[in-house]
Participant: 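Questions regarding the structure given below will be posed in turn.
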Amino acid sequence: MKNENRRQTLGFGVLLLATLFVVIPVTAIIILIITKGWGALSWEFLFSMPREGMRAGGILPAIIGTVYLVLTSILFALPIGVLAAIYLSEYAKDTPLTRIINLAIINLAGVSSVVFGLFGLSLFVVFLKFGVSIISGALTLGIMTLPVIITTTREALRSVPPSYREVSFSLGASRWQTVRHAVLPRALPGILTGAILSIGRVAGETAPILFTVAAFYLPKLPTGLSDQAMALPYHLYIITTQIPGIPETYRYGTAFVLIGFVLIMNITATVIRSKTRKKK
Amino acid sequence: MSLLPRRIREFVIEKLIFLSGIASIVFVALIFVFLLREGVSVLKTTSLGGFLGGKFWYPISSPAKLGILPLILGSLLVTAGAVLIAVPLGIAAAFYIAEVAPKRWRTPLKSCVEILSAIPSVVLGFLGIMILVPFLRNVLNLPTGLTAFSGSLMLAFMALPTIITISEDAINAVPREYKEGALALGATHWQTLYRVVIHGALPGIIAAAMLGIGRVFGETMAVMMVTGNAAVIPHTLFEPVRTLTATIAAEMGEAAKGSPHYFALFAVGIVLFIISFVINLTADVLLNRGRKR
């Protein structure tokens, strides 16, 4: 028995060590980017155009480009995703069609991000003649983020107790009235969580926008959805790999702005989620 | 409001709900069709065997040599390295978080994993170039730190959240009676974990590993930034390689539309699409089997 206890201590020690291998680098990364990126932040860095081949000035067009992309793709994906989740949770029965839909969602979530880029190039840029533009990239990103929205919304709808629906039906409400007035209001925080999470994800994606939106160096702000645009993740990629002699602080500053945005989205989503959990 | 408009309104909205429901199928089909539309034209310049098995990827020489074997091997090598690191590490961490960690530590640990999954791949690639690559070059005394090994480390890190969260779900889904039975028979907590719980959770854990592999295989930006991008057949983990994904990302910008090179890059996309399809299908079957038991 003593032997077994020693084995248990050893085993748990190994498991703890593995966990530390995950936790420590993550913490180190966040701290590193915050400490090194903080110094680069200034009014000029956030709110002015890049100058001298991006070696000086700010990253305003990349920030604005990312905001355009994120908003457009969510406006496109949120309604489709939420309605799809309503279909799966409230309307669909266990049929082969439902099974195929679920498989399609899983596959959509698993397709490589660069393959989404190819798809966007071939469908939106070339076939539909949208050109290299914000709209092409936003639609590509929107389709890519659908699985996140569908799965989180479906979870939110399923967590609404069946009694809500039964009461509504027994009062003579139709299925849609039940969904609209009894189920959706209760699921709203969960849906919001999903939307915010996918905003964070869309903001950080690079590969899907490589050939659909991204402009290498475009020191002016986009005026509409058919413009090319710079974007934060692509900008970080370029100043890291394509242009030599960029000051380190400039790179860390860009990484800081990008990761700051993504983490704020994630924290907001977590806060909403934990608040609603407490209420239940 | 009269009854008729409501009926019509409901009819319209329910049709919209159905259309959105099947939208995922439509999009997956569209992706495949549009990859195929451009990709099959590669067969005009090279045979299927020459494309998949060709040892030389010289897309801009004339005539272009469009063999993707070096790229496939590059992807496989980087993926294998990543999986060897990430799968044991991820499963161990999942066991710690689900079974061993003190209750008040669970939420912070999970948030940490969530943060990791939220970090954009381009940011990890950036840190890879700034820190990991010079570090490995110095420590391992290599001519360049841009190697398959750097890519494997990077990708292992990125696959961890997938492996940990899905394994953890599988561990939590093991019926409590199994554990209680083993403990009642006098087994230690550790014996219970690795003799009983792991068996109950196995299908889910295998699915977690597969989805991790899928994530690694399809990852693009970070791997492109740290592997050195040499499209030659690799011999060891410590030389530069070029993966399938990185090839598309790096070369599509320069490939002239309608050229053999352009079509070949779409054909690479088809290969990636099919591989991820097979991986996800298998993982889904495993997860469903685990749930039914």
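Naming: A, B, ... by sequence-line order, numbering from 1 per chain. These figures come from a predicted structure and were not determined experimentally. Only this structure's heavy atoms are used, side chains among them; waters, hydrogens and symmetry mates stay out.
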Participant: Start with the C-alpha gap between Y252(A) and F126(B), add the side-chain angles, then the distance that decides, and say whether ring-ring contact (aromatic ring centres under 6.0 Å, His included) holds.
Facilitator: CA-CA 9 Å; Y252(A) 274 103; F126(B) 160 71; 5.0 Å; yes

Participant: What are the two closest non-hydrogen atoms of F263(B) and G258(B), and how far apart are they?
Facilitator: CE1-O, 3.3 Å

Participant: With only heavy atoms counted, which part of L124(B) is less than 4.5 Å from chain A, the side chain, the backbone, both or neither?
Facilitator: side chain

Participant: Which atoms of I13(B) come close to chain A, meaning under 4.5 Å heavy atom to heavy atom: side chain ones, backbone ones, both, or neither?
Facilitator: side chain

Participant: Is it true that R7(A) and E4(A) make a salt bridge, defined as a side-chain N closer than 4.0 Å to a carboxylate O?
Facilitator: yes

Participant: Quick test of your reading of the model: are R175(A) and E14(B) salt-bridged, counting only N-O distances below 4.0 Å?
Facilitator: no

Participant: Side chain, backbone, both or neither: which part of I30(A) has an atom under 4.5 Å from a heavy atom of chain B?
Facilitator: side chain

Participant: Which bit of I101(A) comes within less than 4.5 Å of chain B, counting heavy atoms only: side chain, backbone, both or neither?
Facilitator: both

Participant: Using only atom types and a distance under 3.5 Å, with no angle test, would you say the side chain of R99(A) pairs donor to acceptor with the backbone of D94(A)?
Facilitator: no

Participant: If you count heavy-atom pairs under 4.5 Å between each of I100(A), L88(A), N102(A) and chain B, which one has the most?
Facilitator: I100(A)

Participant: Select one option (side chain, backbone, both, neither) describing which atoms of L103(A) are under 4.5 Å from chain B's heavy atoms.
Facilitator: side chain

Participant: What part of R37(B) gets within 4.5 angstrom of chain A, counting heavy atoms only: side chain, backbone, both, or neither?
Facilitator: side chain

Participant: Could you have a look at I259(A), N107(A), V115(A) and say which one has the most heavy-atom pairs with chain B under 4.5 angstrom?
Facilitator: N107(A)

Participant: Measuring heavy-atom distances to chain B, does V126(A) have an atom under 4.5 Å in its side chain, in its backbone, in both, or in neither?
Facilitator: side chain

Participant: Identify which part of F32(B) has an atom lying under 4.5 Å from any heavy atom of chain A, answering side chain, backbone, both or neither.
Facilitator: neither

Participant: Is the ring pair F130(A)/F124(A) parallel, tilted or perpendicular, if the boundaries are 30 and 60 degrees?
Facilitator: parallel

Participant: What part of A118(B) is in contact with chain A, defined as an atom under 4.5 angstrom from a non-hydrogen atom: side chain, backbone, both or neither?
Facilitator: both

Participant: Which atom pair, heavy atoms only, marks the closest approach of S117(B) to E114(B)?
Facilitator: OG-O, 2.9 Å

Participant: Please look at P147(A) and chain B and tell me whether the side chain, the backbone, both or neither of the residue comes under 4.5 angstrom of a heavy atom of that chain.
Facilitator: neither

Participant: Identify which part of L146(A) has an atom lying under 4.5 Å from any heavy atom of chain B, answering side chain, backbone, both or neither.
Facilitator: side chain

Participant: Measure distances from L127(B) to the heavy atoms of chain A and classify the residue's part below 4.5 Å as side chain, backbone, both or neither.
Facilitator: side chain

Participant: Answer with side chain, backbone, both or neither: which region of V123(B) has an atom nearer than 4.5 Å to a non-hydrogen atom of chain A?
Facilitator: both

Participant: Please classify the contact between I129(B) and chain A as side chain, backbone, both or neither, with a heavy-atom cut-off of under 4.5 Å.
Facilitator: side chain

Participant: Looking only at heavy atoms and a cut-off of under 4.5 Å, which of H189(B), M224(B), E38(B) has the most pairs with chain A?
Facilitator: H189(B)

Participant: Pick one of side chain, backbone, both or neither for I164(B), based on which atoms fall under 4.5 Å of a heavy atom in chain A.
Facilitator: side chain

Participant: Hey, is R273(A) close enough to E155(A) for a salt bridge, meaning N to O under 4.0 Å?
Facilitator: no

Participant: Are I17(B) and V179(A) close enough that some pair of their side-chain heavy atoms sits under 4.5 Å apart?
Facilitator: no

Participant: Where on I270(B) is there a heavy atom nearer than 4.5 Å to chain A: the side chain, the backbone, both, or neither?
Facilitator: neither

Participant: Under a 4.5 Å heavy-atom cut-off, does chain A meet the side chain of L160(B), its backbone, both or neither?
Facilitator: side chain

Participant: Below 4.5 Å, heavy-atom pairs only: which of L263(A), L20(A), I29(A) has the largest tally toward chain B?
Facilitator: I29(A)

Participant: Heavy-atom distance under 4.5 Å to chain B: side chain of L258(A), backbone, both or neither?
Facilitator: side chain

Participant: Is it the backbone or the side chain of I91(B) that comes under 4.5 Å from a heavy atom of chain A, or both, or neither?
Facilitator: neither

Participant: Any heavy-atom pair between the side chains of T140(A) and I209(A) that's under 4.5 Å?
Facilitator: no

Participant: At a 4.5 Å cut-off on heavy atoms, which part of F11(B) comes close to chain A: side chain, backbone, both, or neither?
Facilitator: neither

Participant: Does any backbone or side-chain atom of I106(A) lie under 4.5 Å from a heavy atom of chain B? Answer side chain, backbone, both or neither.
Facilitator: both

Participant: Count the heavy-atom pairs under 4.5 Å between each of I275(B), L265(B), T245(B) and chain A, then report the option with the highest count.
Facilitator: T245(B)

Participant: Looking at S121(B), A92(B), A101(B), which one has more heavy-atom pairs under 4.5 Å with chain A than the rest?
Facilitator: A92(B)

